[in-house]
Amino acid sequence: MPFVGAIVAEALHEHYDPSLYGSLSTEWPNGFLVAADASDAPLGFLLGVNQVEGEARILMFAVERRERMQGVGTLLMNTFLERCRARSFRRVTLEVRVSNATAIRFYSRYQFSVIDLLRAYYSDGENGYQMARDLP
Ligand SMILES: CC(C)(COP(=O)(O)OP(=O)(O)OC[C@H]1O[C@@H](n2cnc3c(N)ncnc32)[C@H](O)[C@@H]1OP(=O)(O)O)[C@@H](O)C(=O)NCCC(=O)NCCS
């Protein structure tokens, strides 16, 4: 949890109470993934929740800055989508800052497309995109 809190502050510029992560993952523990190296040092995480019947929502997704572009995000996303299919979810949704071109490109590669513009969605007033993809 200290790792998750640190990466959320650095990569997502948000500060949450550490107890939030545990409470969000209670209902679907397999939706909370942490990638670690061979010595168990955490490299990145993805926190997905199941708030709507048949759907997963990616709430947070980040890889440690110095570990990016090496496939960790791909590993997390592939594993997450497998777990969604194992639960027979039909759709996955997420929100992303409109300025976050790197993440938008990453999600587009995974067939996510923009379905809505969320005005002043972030705490600093920035707009967000809601993106979604169906699961075959
Ligand atoms: C989005 C994010 C999680 C992706 O994680 P990542 O570990 O860098 O992802 P990957 O390394 O699997 O893939 C990133 C890119 O590197 C490429 N790549 C992966 N391994 C590579 C390698 N060995 N050599 C060259 N390129 C490589 C991938 O093809 C991918 O290309 P893309 O730009 O078309 O998407 C990461 O950029 C991040 O943490 N960003 C900050 C937080 C954030 O914005 N989160 C999303 C909020 S909604």
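Whatever order the structure lists ligands and atoms in, that order sets their numbers, starting from 1. Both backbone and side-chain heavy atoms feed into the values below; hydrogens, waters and symmetry mates do not.
Applying the side-chain hydrogen bond (donor to acceptor under 3.5 Å, both in side chains) rule to pairs touching residues 32-58 yields D37-S39, N50-R87, Q51-R57, E55-R91, R57-E95, R57-Y121, sequence neighbours excluded.
Qualifying side-chain contact (heavy atoms from CB on, under 4.5 Å) partners for P29, counting only residues two or more places apart in sequence or in other chains: none. F112 pairs by the ring-ring contact (aromatic ring centres under 6.0 Å, His included) definition with Y107, not counting sequence neighbours.
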Check ligand 1 for N or O atoms under 3.5 Å from a protein N or O and list each pair with its distance.
unit_1: ligand 1; atom_1: 7 (O); unit_2: G73; atom_2: N; d: 2.8
unit_1: ligand 1; atom_1: 8 (O); unit_2: M69; atom_2: N; d: 2.9
unit_1: ligand 1; atom_1: 11 (O); unit_2: M69; atom_2: N; d: 3.3
unit_1: ligand 1; atom_1: 11 (O); unit_2: Q70; atom_2: N; d: 3.1
unit_1: ligand 1; atom_1: 11 (O); unit_2: G71; atom_2: N; d: 2.7
unit_1: ligand 1; atom_1: 12 (O); unit_2: T74; atom_2: N; d: 2.8
unit_1: ligand 1; atom_1: 12 (O); unit_2: T74; atom_2: OG1; d: 2.5
unit_1: ligand 1; atom_1: 20 (N); unit_2: M69; atom_2: O; d: 3.4
unit_1: ligand 1; atom_1: 33 (O); unit_2: R105; atom_2: NE; d: 2.8
unit_1: ligand 1; atom_1: 33 (O); unit_2: R105; atom_2: NH2; d: 2.9
unit_1: ligand 1; atom_1: 34 (O); unit_2: R109; atom_2: NE; d: 3.4
unit_1: ligand 1; atom_1: 35 (O); unit_2: R109; atom_2: NE; d: 3.4
unit_1: ligand 1; atom_1: 39 (O); unit_2: V63; atom_2: N; d: 2.8
unit_1: ligand 1; atom_1: 39 (O); unit_2: V63; atom_2: O; d: 3.4
unit_1: ligand 1; atom_1: 39 (O); unit_2: R68; atom_2: NE; d: 3.3
unit_1: ligand 1; atom_1: 44 (O); unit_2: N100; atom_2: ND2; d: 2.6
unit_1: ligand 1; atom_1: 45 (N); unit_2: F61; atom_2: O; d: 2.7

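Distance alone, capped at 3.5 Å, places no donor-acceptor pair between the N127 side chain and the V98 backbone. In this structure, D116 contributes its side chain and L118 its backbone to no donor-acceptor pair below 3.5 Å.
A cation-pi arrangement is found for R97 relative to Y122, the charged atom lying closer than 6.0 Å to the ring centre and inside a 45° cone about the ring normal.
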